[in-house]
Novice: 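Below are the structure tokens for one structure; questions will follow.
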Amino acid sequence: MKIDATRLKFVLQGLGVGLITGVVISLFRLSIEKILQFVQGIYRQPTTLSISLLAVAMVGLALIVAALLKSEPNISGSGIPQVEGQLAGEMDFPWWSILWKKFVAGILSIGPGLFLGREGPSIQLGAAVGQGVASGLKKRGSDRRILIASGSAAGLAAAFNAPIAGTLFVLEEVYHNFSPLVWISALASALGADFISLNVFGSVPVLHLVYTRSMPVYLYWHLIVLGIVLGLMGYLYQRVLLAMPKWYAKTHIPRFLQGIVPFMLVIPMGLWMPGILGGGNGMIIGFGKVVPTLGVLLAILAARFVYSMISYGSGLPGGIFLPILSLGAVIGAVYAVFMVQVGLLPRVYVMNLIIFSMAAYFAGIGKAPFTAILLITEMVGNLTHLMPMAVLALVAYIVVDLLGGAPIYESLLRRMTVPKQIEAIHSMDRLELPIFAGSPLEGVQVRDFKWPKSTLLIGVNRGEDQIIPHGDTVIRAGDTLVVLTDASQRAAVRAKIHHLAAHLKAKEAHHEVDDHPHEPTRSH
């Protein structure tokens, strides 16, 4: 009997990437936690001298991070869009430069209490480890991409002690590929990283919250109302976050130096309420002990929303994953406490809605509901009563989708790649392609079609409306696609799109035949 060790080889490689990533991310997490504890101690017992020295230190840290950003711009932000672009073949980076500069800049940006998360940088750090291992093993093509994806899953797993959600997030949101080799390598890597993380931080869930009773069905109407609120707030979050670079540009501060703004503005926030600094996991755990009054919750919501935008919009190395969960928890708390005060919700279910809202808010903004549900389940440490969480996440997702919201990481990636695509088109011209009933492109998601090089889909005319397309956009009969391309290539691009569309249709038809091999093939 011949043994096929292909999958075993990928599992072992993924495990190796995960163990290395686990060490890197554990050091990353530990450094951030220690610095945050130190800074919060200064804020809790402030003196004129200590705050003055802290302000000087903040300027120094901002300048160090600015120097790192100037030398390596691709460490800015969460890093998840960069990894997504790398796995899609649209971007590539020097792994060692990304690894050490993101590590240092991430600690210096997140540790002092800025409203940034550790999970995005952890994913990019894990991807850099995977790329480094692939380079050492001389892997190319799909093998290299699988190791990068495995490192990404390991990064999230170690950041949150959530190996299953880490694996699913990479498959659902980053790689968009559920092939057996990808998921088995990613899972092995995530488990390896989580093993290291558990040994360093212990087995208590990152957001250990407990609710005493499951939510009865007669109260499920709250899930619909709260889901609509979370969806609307999620869409607002997307719009404001994507507009922040334009607002920062009005300051005329060079992009790599804009981080000095949140570094200085976080000082009054720390003096006011040091407990809400950072990504927000400490604040969420605090809700398990005592939920603040409605007025305090509204103040926290406003402060966290504004400061999260200021922090991430500056381009500092830090994520939005944990800040999104924190905002979701606060929105859920605001809703629940209000409903308790007006007598429409028993107080015992406040914690239920806080937990469920974290998953729903991320599901709406990230457009990754399965990851959101599993992530909160793992982070909270409760595997029961998934039904109400799923209902709330689905409602929030649908509201954002109806409003035209795109997956936030995909939008951030487009903001990075679209200018480069436009720059590559020498003499720009618009090409309009009508989609008739029965067209091969009818019913196809934008991300599922391989658009020709030197082209950019900039709009979809649907009746009297013009839609800004994103990966989730489904092309319908009656649409007119507006494509930006080189004027000299109009005819060739039109022919190429029709050819690729026909090929995609034939491929789908082939899969349908394979799925129903005993059904007779119909002639058209």
Novice: More than 12 non-hydrogen atoms from neighbouring residues, nucleotides or ligands closer than 6.0 Å to CZ on Phe370, yes or no?
Specialist: no
Novice: So how far is it from Ser152 OG to Arg145 CZ, rounded to the nearest 0.5 Å?
Specialist: 13.0 Å
Novice: What heavy-atom pair brings Gly364 and Lys367 nearest, and what distance separates the two atoms?
Specialist: O-CD, 3.4 Å
Novice: Taking C-beta and beyond as the side chain, do Thr377 and Ile164 meet within less than 4.5 Å on heavy atoms?
Specialist: no
Novice: Atom NZ of residue position Lys34 - does it have more than 12 heavy atoms of other residues, nucleotides or ligands inside 6.0 Å?
Specialist: no
Novice: Counting C-beta onward and ignoring hydrogens, is there a side-chain heavy-atom pair between Leu209 and Met351 closer than 4.5 Å?
Specialist: yes
Novice: With distance as the sole test, does Asn281 use its side chain to make a donor-acceptor pair with the main-chain N or O of Leu207 at under 3.5 Å?
Specialist: no
Novice: Is there a side-chain contact between Ser150 and Ile146 (heavy atoms, below 4.5 Å)?
Specialist: yes
Novice: Which heavy atom of Ile300 sits nearest a heavy atom of Pro292, and at what distance?
Specialist: CD1-CG, 4.5 Å
Novice: Taking only residues at least two apart or on different chains, which pairs with a member in residues 227-240 satisfy side chain to side chain donor-acceptor pair (under 3.5 Å)?
Specialist: none
Novice: So Leu219 and Pro346, do their side chains get closer than 4.5 Å, heavy atoms only?
Specialist: yes
Novice: Around Met387, counting heavy atoms of other residues, nucleotides and ligands shown, do more than 12 lie under 6.0 Å from its CE?
Specialist: no
Novice: Can you name the nearest heavy-atom pair linking Ile224 to Val395, along with the distance?
Specialist: O-CG1, 3.7 Å
Novice: For the atom pair CG (Leu481) and CD1 (Ile475), what is the distance rounded to the nearest 0.5 Å?
Specialist: 5.0 Å
Novice: Using only atom types and a distance under 3.5 Å, with no angle test, would you say the side chain of Ser78 pairs donor to acceptor with the backbone of Gly319?
Specialist: no
Novice: With the side chain counted from C-beta on, respond yes when Leu316 and Ser311 share a heavy-atom pair under 4.5 Å apart, and no when they do not.
Specialist: no
Novice: Quick one: list whatever passes side chain to side chain contact (heavy atoms under 4.5 Å, CB included) with Ala134, sequence neighbours left out.
Specialist: Lys139, Arg144, Leu147
Novice: How far apart are the C-alpha atoms of Ile408 and Leu412, what are their side-chain angles, what is the distance that settles it, and do they pass the side-chain contact (heavy atoms from CB on, under 4.5 Å) test?
Specialist: CA-CA 6 Å; Ile408 190 63; Leu412 293 169; 4.3 Å; yes
Novice: With no hydrogens and no angle check, do the side chains of Arg255 and Ser76 hold a donor and an acceptor under 3.5 Å apart?
Specialist: no
Novice: Hey, is the main chain of Asn74 close enough, under 3.5 Å, to the side chain of Gln124 for a donor-acceptor pair?
Specialist: yes
Novice: Mind listing the closest non-hydrogen atom pair of Pro388 and Tyr220 along with its distance?
Specialist: CD-OH, 3.4 Å
Novice: Can you find a heavy atom in the side chain of Pro323 that is under 4.5 Å from one in the side chain of Tyr312?
Specialist: no
Novice: If only atom types and distance count, is the side chain of Glu119 paired as donor or acceptor with the main-chain N or O of Leu322 below 3.5 Å?
Specialist: yes
Novice: Under 3.5 Å, is there a donor-acceptor pair between the side chain of Tyr248 and the main chain of Ile310?
Specialist: yes
Novice: Under 3.5 Å, side chain of Ser189 to main-chain N/O of Ser185, donor-acceptor pair present?
Specialist: no
Novice: So, does Gln131 use its side chain to make a donor-acceptor pair with the main chain of Phe93 at under 3.5 Å?
Specialist: yes
Novice: Starting at CG of Leu191, measure out to CD1 of Ile196 and round the result to the nearest 0.5 Å.
Specialist: 12.0 Å
Novice: At their closest point, which heavy atom of Trp221 faces which heavy atom of Tyr218, and how far apart are they?
Specialist: CD1-O, 3.3 Å
Novice: Scan the side chains in residues 328-338 for donor-acceptor partners under 3.5 Å anywhere in the protein, sequence neighbours excluded, and list what turns up.
Specialist:
unit_1, atom_1, unit_2, atom_2, d
Tyr335, OH, His222, ND1, 2.8

Novice: Do Leu181 and Arg7 pass the side-chain contact (heavy atoms from CB on, under 4.5 Å) test, and can you show the C-alpha distance, the side-chain angles, and the key distance before you say yes or no?
Specialist: CA-CA 7 Å; Leu181 288 181; Arg7 284 184 173 81; 3.9 Å; yes
Novice: Under the salt bridge (Lys or Arg N to Asp or Glu O under 4.0 Å) test, which residues partner Asp194, sequence neighbours left out?
Specialist: none
Novice: Give, for atom CD1 of Ile25 and atom CD1 of Ile123, the distance between the pair rounded to the nearest 0.5 Å.
Specialist: 9.5 Å
Novice: Could you tell me which residues satisfy salt bridge (Lys or Arg N to Asp or Glu O under 4.0 Å) with Arg476, sequence neighbours excluded, listed by chain and number?
Specialist: none
Novice: Looking at Arg304 and Ile276, would you say the former's side chain and the latter's main chain have a donor-acceptor pair under 3.5 Å?
Specialist: yes
Novice: Stepwise, does the side-chain contact (heavy atoms from CB on, under 4.5 Å) test hold for Arg29 with Val206?
Specialist: CA-CA 12 Å; Arg29 277 181 64 179; Val206 175; 4.3 Å; yes
Novice: List the atom of Gly155, the atom of Thr21, and the distance in Å for their closest heavy-atom pair.
Specialist: N-CG2, 3.7 Å
Novice: Assess the residue pair Phe356 and Ile376 against the criterion (side-chain contact (heavy atoms from CB on, under 4.5 Å)); give the C-alpha distance rounded to whole Å, side-chain angles, the decisive distance to 0.1 Å, and a yes or no.
Specialist: CA-CA 8 Å; Phe356 301 158; Ile376 297 306; over 6 Å; no
Novice: Indicate yes or no for a side-chain donor-acceptor contact from Glu378 to the backbone of Ala165 under 3.5 Å, with no hydrogens or angles considered.
Specialist: yes
Novice: What distance do Leu325 atom CG and Ile365 atom CD1 have between them, rounded to the nearest 0.5 Å?
Specialist: 9.0 Å
Novice: Sequence neighbours left out, what passes salt bridge (Lys or Arg N to Asp or Glu O under 4.0 Å) with Lys102? Give chain and number order.
Specialist: none
Novice: Look at the side chain of Arg118 and the backbone N and O of Ala159, then say whether any donor-acceptor pair between them is shorter than 3.5 Å.
Specialist: yes
Novice: Under 4.5 Å between any side-chain heavy atoms of Leu125 and Leu99, yes or no?
Specialist: yes
Novice: Would you say that Pro317 contacts Leu69 through its side chain, given a criterion of any heavy-atom pair below 4.5 Å between the two side chains?
Specialist: yes
Novice: How long is the gap from CZ on Phe195 to OG on Ser197, to the nearest 0.5 Å?
Specialist: 11.5 Å
Novice: Strictly under 6.0 Å, is that where the ring centroids of Phe321 and Phe169 end up?
Specialist: yes
